[in-house]
Amino acid sequence: MNAMLDIDLIRNEPERVKKAIASKNTDSKLVDDFLWFDAKWRAITNRLDGLRARQKQLSMERKIDIAKQNKEVIKGVEEELKVVEVKRDEFWMRIPNIPSDDTPIGKDEIENKVIRVVGKPKKFDFKPKDHLELGEALGLIDVETAAKVSGTRFAYLKGAAAQLEFALVHYALATLTNPNVMRSAAEGVKSGYSGKPFVPVVPPVLIRPEVMRRMGRLEPKEERYHIPSDDLYLVGSAEHTLGPLHMDQTILEKDLPIRYVGFSTSFRREAGSYGKDTRGIFRVHQFDKVEMESFTLPEHSITEQDFFVGVQEYLMWSLELPYRVIICSTGDQGDPDARHLDLETWFPSEGIYRETHSADLMTDYQSRRLNTKVRRVDGKTEFAHMNDGTVFAVGRTIAAILENYQTKEGEVEIPKVLQKYVGKKIIS
RNA sequence: GGAGGGAUGGCUGAGUGGUUGAAGGCACCGGUCUUGAAAACCGGAGUGUGGGAAACUGCACCGUGAGUUCGAAUCUCACUCCCUCCGCCA
């Protein structure tokens, strides 16, 4: 049973692992606990292997009476091993991924670093309204009825807002499947890098617990919606069901990179965010999202992540929304992340940049448990590297468009690139 | 929901209690031949894990988990998934 972080790395460079996980606010004692049980595991395994070899020999020689006795000894040692193994794996699973070299060390989001700022926030000669005020006035967003029907943190998107949703999805798919655009996005990151277009996917939104666990996304459980009658979880992102597309598979090197762009609804309980962003559709239990997921060779995975960010930036730049790119500090990364970048978009009503996109590099942390491998040209196999990233969190993007494109009259212009999909230039 | 069939290596496909970690084919790697390639022929090669500096070597793995047996891919039970047919359904 594979766990997540490379076991050789923990065994051979425990101090490096300890230092790395401490920077992610994880108790480095985990490593010692793991190593202690691992040493026991190895000793017992050795003893057991010897006993089994003897059992084979005895049974080949038909020494049945001695074999019967030996078998009893084996049973006892097997029990012993099982107990130690469960304990060892428990610690193993809890060791997070190692941050990349360029990840800033820091306790929390305060230490995230701004990499670049693109686009100038528009100066309004009036006080800009927030997205809910605009949305309600224009008949685009209805949270009151949604609250009666479904509860808080739900919303109806109506009229032009519903059209904007499909416009964004359509635009995203058209862009990510366009070889020319993808080629130039790849060139912008690194000369000669693959600009292979994305394969569009509509993935399932229900997922089995076991697969969720292998994705490293089951925890925190209280954030997930669970359907007890069938023991299934609702996905919190298309990533959850795109990532396992190649589980228990060996991909040929020549077929990489494999890139998917998925559209799905995302479900989040938002436990632990009580009282935060309660206004409007910025943080809701159910929203639609277009998501990228890719499988690459290990040596390409950082470039792939930069490519993902390049795609995100192209889209936001073409929508003419001001944004900035940040790299999350060690303390703000998720456990499976090696490198985590966010794209934050300008929200005029609040006068701040707010997270609308993320791009996560998981290296081989997920693929090890998913058992997704690459067979290299020389025949050797190793774990593929995985990346995921937001294309559009549709609700938040609509909110950003409403706020950034509002006029003094309380109307909202439609971004140029979306006009052909919506069929109009202004929402009034 | 009901009835039946199935799950074996990167893929395909043999194998129904004792050197079977597993025939054959495809794909892959090395070589012969060729101006080069293809074809043909010869050879190599499963995965994980433990020990070892290495050569090498122990063990585990035939959907998953239990069980029977001195010995299990092969027998028993449970579960999961896939396929076919019937029913229901957008």
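In what follows, every chain begins at residue 1, and chains take the letters A, B, ... in the order their sequences are listed. Keep in mind that the numbers below use all heavy atoms, side chains included, and drop hydrogens, waters and symmetry copies. No experiment lies behind these values; they were computed from the predicted model shown.
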Watson-Crick or G-U wobble partner of [N], both distances under 3.5 Å:
N	answer
B:C62	none
B:C81	B:G6
B:U20	none
B:A40	B:U32

Query raised in the report: What do you reckon, is NZ of A:Lys158 surrounded by more than 12 foreign heavy atoms closer than 6.0 Å?
Result: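 12 or below, so no.
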Taking [atom1] from [X] and [atom2] from [N], how many angstroms apart are they, rounded to a whole number?
X	N	atom1	atom2	answer
A:Glu382	B:G46	CD	C1'	17 Å
A:Lys71	B:U68	NZ	C1'	8 Å
A:Leu58	B:G58	CG	P	16 Å
A:Arg11	B:G48	CZ	P	14 Å
A:Arg88	B:U49	CZ	P	10 Å
A:Arg368	B:G48	CZ	C1'	13 Å
A:Met60	B:U19	CE	P	9 Å
A:Lys56	B:U20	NZ	P	12 Å

Query raised in the report: When the ring planes of A:Tyr260 and A:Phe295 are compared, do they come out parallel, tilted or perpendicular, using 30° and 60° as the limits?
Result: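 Rings of A:Tyr260 and A:Phe295: perpendicular, as their planes differ by over 60°.
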Query raised in the report: Is A:Arg208 salt-bridged to A:Asp231, going by a charged N under 4.0 Å from an acidic O?
Result: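 Between A:Asp231 and A:Arg208 there is no salt bridge, as every charged N stays at least 4.0 Å from the carboxylate O atoms.
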Query raised in the report: Is it true that A:Glu210 and A:Arg213 have a side-chain N and a carboxylate O under 4.0 angstrom from each other?
Result: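 Salt bridge present between A:Glu210 and A:Arg213.
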**Report entry** Centroid-centroid under 6.0 Å between A:Phe282 and A:Phe347 rings
**Finding:**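 So the answer is yes for these two rings.
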Polar atom pairs between nucleotides 62-64 of chain B and protein, under 3.5 Å, N or O only, would you list them?
none

Query raised in the report: Can you list the residues that meet the salt bridge (Lys or Arg N to Asp or Glu O under 4.0 Å) rule with A:Asp255, with sequence neighbours excluded?
Result: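 Listed in chain order: nothing, the list is empty.
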Query raised in the report: Which of these, A:Leu343, A:Leu315, A:Val391, sits in a side-chain contact (heavy atoms from CB on, under 4.5 Å) with A:His357?
Result: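 By the side-chain contact (heavy atoms from CB on, under 4.5 Å) criterion, A:His357 pairs with just one of A:Leu343, A:Leu315, A:Val391: A:Leu343.
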Could you tell me how far [M] sits from [N] if I compare only their [atom1] atoms? Round to whole Å.
N	M	atom1	result
B:U64	B:C11	P	14 Å
B:A72	B:C83	P	33 Å
B:G63	B:C81	C1'	8 Å
B:U8	B:A73	P	16 Å
B:U74	B:A7	C1'	15 Å

Query raised in the report: Within 45° of the axis and under 6.0 Å from the centre of the six-membered ring of A:Phe307, does NZ or CZ of A:Arg259 qualify?
Result: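 Flagged: A:Arg259 positioned over aromatic ring of A:Phe307.
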Query raised in the report: Distance from A:Tyr171 atom OH to A:Tyr421 atom OH, nearest 0.5 Å?
Result: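 The OH atom of A:Tyr421 is 7.5 Å from OH of A:Tyr171, to the nearest 0.5 Å.
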Query raised in the report: In terms of the nearest nucleotide of RNA chain B, which residue is placed more toward the 5' end: A:Arg208 or A:Arg376?
Result: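 Taking each residue's closest nucleotide, the earlier one in sequence belongs to A:Arg376.
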Give every pair of a protein N or O atom and an N or O atom of nucleotides 6-11 of chain B that lie under 3.5 Å apart, one pair per line with the distance.
none

Query raised in the report: OP1 or OP2 of B:U69 less than 4.0 angstrom from a side-chain nitrogen or oxygen of A:Lys75, does that happen here?
Result: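 For B:U69, neither OP1 nor OP2 has a side-chain N or O of A:Lys75 closer than 4.0 Å.
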Query raised in the report: OP1, OP2 of B:G58 versus side-chain N and O of A:Arg54: anything below 4.0 Å?
Result: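 Checking B:G58 against A:Arg54, no side-chain N or O comes under 4.0 Å of OP1 or OP2.
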Using a strict heavy-atom distance below 4.0 Å, which residues from [range] are in contact with RNA chain B?
range	answer
residues 77-85 of chain A	A:Lys82
residues 61-70 of chain A	A:Arg62, A:Ile64, A:Ala67, A:Lys68
residues 45-52 of chain A	A:Asn46, A:Asp49, A:Arg52

